[in-house]
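Naming: A, B, ... by sequence-line order, numbering from 1 per chain.
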Amino acid sequence: MIATTVRVLRQLRHDPRTVALLVVVPALLMLLLRYVLDSKTTFSHVAPALLGIFPFLLMFLVTSIATLRERTSGTLERLMTAPLPKLALLAGYAAGFSLVALVQVGVTTAVSLALGLSVTGSVGWLVVVTVGDALLGVALGLLASAFAATEFQAIQLMPVVVLPQVLLCGLFQPRAQMATVLRWVADVMPVSYAVEALQHVAAQPDVDAAFARDVLVLAAFVAGALVAAAGTLRRRTR
Amino acid sequence: MANSVVLCAGLRVVRGGVQILSAFSARIEEGAVTGLLGPSGCGKTTLIRSIAGTQRIAGGRVEVLGRSAGDPWLRRRIGYAAQTAAVYTDLTVEENVRYFAAVTGAPRDDVDRVLDAVDLRPFRRVLTGRLSGGQRSRVSLAVALLGAPRLLLLDEPTVGLDPVLRAQLWDLFGRLTDGGLSLLVSSHVMDEAERCDQLLLMRDGALLAQDTPDALRRRTGTDDLDEAFLALIRAAERGDGDRAVA
Ligand SMILES: Nc1ncnc2c1ncn2[C@@H]1O[C@H](COP(=O)(O)OP(=O)(O)O)[C@@H](O)[C@H]1O
Ligand SMILES: [Mg+2]
């Protein structure tokens with residue numbers, strides 16, 4: 001499992017442009033947002049939700065394409081003939097990308113705080129939830145790669161998987177105020193819970209049961225997506 | 001007669017609704033280089049994948065080292081280099097081999113051994129994506145050699161190599177069998193057939209003949225394997241199989 005983590009990180013090291021994009025882009029977007037809104041209060045209001053969206057989006061994109069390459073280049077087939085449990089492979093993957101996500105989240109959070117994001121609760125929890133959210137992007141990316149045959153298709157999956165969650169996560173409209181059907185949809189989307197948890201940490205000094213539930217739901221989605229992704233790794237193909 | 005390491009009996013494979021292998025039966029000898037020859041598209045890759053256990057089969061039986069193909073026990077005992085170099089282009093040669101060594105549980109010093117075997121030591125720090133096609137397929141071959149496999153499945157390992165390197169690799173294959181290893185090597189060029197101990201001649205998903213190069217020449221009354229192959233095809237088309245050529 002550690003071998004796979006090290007390998008993923010080595011691959012990224014040979015691709016500094018991707019790493020730069022992963023680490024710098026969310027922070028730059030936060031900067032942009034701060035000056036588009038031109039108000040610290042509004043920024044503080046919107047930023048927690050975006051902290052849940054940017055890492056998710058980027059990690060989803062990078063993971064789905066990296067895994068798709070693995071499927072099409074034959075390296076996955078080779079790994080499937082090796083004495084390596086599928087979940088160990090996926091865990092190794094997830095761990096490697098999570099380390100990247102941790103750096104990304106650290107930079108993005110630091111920049112957001114410097115730009116005036118006020119966090120009433122603990123910054124530690126903020127980072128935990130954001131990393132969990134990035135991990136969700138990794139897990140869903142691993143899963144989504146099974147439904148794409150080309151990189152072109154993989155990119156097209158992004159708007160399908162990510163944009164509805166952005167629209168319904170509570171950024172534009174609190175979930176409680178949505179039409180019932182939309183709320184049901186939002187309720188089964190994992191990003192909704194990440195955003196709710198982040199908004200909670202930003203606004204409330206203490207964690208409560210609702211926050212704990214959000215975090216658990218998020219963790220369950222990550223675990224579920226990883227197990228489902230393991231199901232898409234086939235030792236035998238047609 | 002030597003023991004067989006692979007036994008295919010009535011193997012049937014369907015891909016995309018088309019029958020690729022039909023009632024394919026053959027055996028592969030232990031400690032020998034078996035050449036799998038036939039025109040492009042005849043089903044060589046499909047057969048090799050069936051033996052490697054990565055191909056879903058529609059019928060029949062494939063036994064490898066006494067187990068059913070795909071058995072987890074076989075994962076440490078088969079080295080498989082697919083037709084496309086299945087290595088990471090964004091890792092160096094050495095990083096690739098190290099990773100697969102870790103995954104297959106091969107000892108660390110194996111990395112140097114397999115890099116030497118395929119003559120890639122000078123390129124160990126080069127990014128695999130920057131290598132030529134032939135060099136890249138040698139990286140893939142190096143990975144297949146890792147550990148202590150008892151059977152090597154090599155799908156067109158010499159495509160795109162210059163004649164000198166090709167000869168070197170065939171020398172290597174011969175040396176590997178001295179250690180008791182069995183090899184199945186596919187190729188679509190007949191001049192490589194000469195280097196094999198055993199030949200499987202394939203056409204349109206069926207086995208045309210299985211024998212040593214010498215025996216095949218004798219049977220068909222030719223001194224050229226290309227001619228022998230043609231004679232076998234003609235005999236098969238007359239509908240009387242390879243018996244009539246004897
Ligand atoms: N994924 C696939 N789906 C459907 N048909 C396939 C697939 N892969 C290969 N084939 C067909 O199977 C036949 C045998 O292919 P292959 O085993 O690759 O032959 P070879 O290795 O001898 O060139 C070819 O006619 C090819 O078009
Ligand atoms: Mg082939």
At what distance, to the nearest 0.5 angstrom, does [atom1] of [X] lie from [atom2] of [Y]?
{"X": "A/Asp15", "Y": "A/Leu22", "atom1": "CG", "atom2": "CG", "answer": "9.0 Å"}
{"X": "A/Leu84", "Y": "A/Leu90", "atom1": "CG", "atom2": "CG", "answer": "9.5 Å"}
{"X": "B/Leu145", "Y": "B/Leu172", "atom1": "CG", "atom2": "CG", "answer": "6.0 Å"}
{"X": "B/Thr34", "Y": "B/Leu183", "atom1": "OG1", "atom2": "CG", "answer": "8.0 Å"}

| task | Go through the atoms of A/Leu89 and report whether side chain, backbone, both or neither lie under 4.5 Å from a heavy atom of chain B. | result | side chain
| Part of A/Arg235 lying under 4.5 Å from any heavy atom of chain B | both
Would you mind checking which part of [X] comes under 4.5 Å of any heavy atom in chain A, side chain (CB onward), backbone (N, CA, C, O), both or neither?
{"X": "B/Gln55", "result": "both"}
{"X": "B/Thr89", "result": "neither"}
{"X": "B/Ala81", "result": "both"}
{"X": "B/Ala144", "result": "both"}
{"X": "B/Thr92", "result": "both"}
{"X": "B/Arg98", "result": "neither"}

| Top of A/Met1, A/Arg13, A/Glu77 for chain B proximity - count of heavy-atom pairs under 4.5 angstrom | A/Glu77
| message | Please tell me whether B/Glu30 and B/Ser182 have a donor and an acceptor in their side chains that are separated by less than 3.5 angstrom. | response | no
| task | Taking the six-membered ring of B/Trp170 (Phe, Tyr or Trp), confirm whether the NZ or CZ of B/Arg166 is under 6.0 Å from its centre and within 45° of its axis. | result | no
| query | Is it true that the NZ or CZ of A/Arg78 lies under 6.0 Å from the centre of B/Tyr80's six-membered ring and within 45 degrees of the ring axis? | reply | no
| task | Say whether, by atom type as modelled, one donor and one acceptor occur between the side chain of A/Gln165 and the main chain of A/Val162 under 3.5 angstrom. | result | no
| query | With no hydrogens and no angle check, is any side-chain donor or acceptor of A/Thr75 less than 3.5 Å from a backbone partner on B/Ala86? | reply | no
| said: Quick check: under 4.5 Å, non-hydrogen atoms only, which of residues 106-130 of chain B neighbour chain A? | reply: B/Leu127
| query | Relative to the ring of B/Phe100, is the ring of B/Tyr88 parallel (under 30°), tilted (30 to 60°) or perpendicular (over 60°)? | reply | parallel
| Leading residue by heavy atom contact count with chain A [cutoff under 4.5 Å; candidates B/Arg75, B/Arg56, B/Arg15] | B/Arg75
| query | Which one of B/Glu192, B/Gln168, B/Arg195 satisfies the side-chain hydrogen bond (donor to acceptor under 3.5 Å, both in side chains) criterion with B/Thr158? | reply | B/Glu192
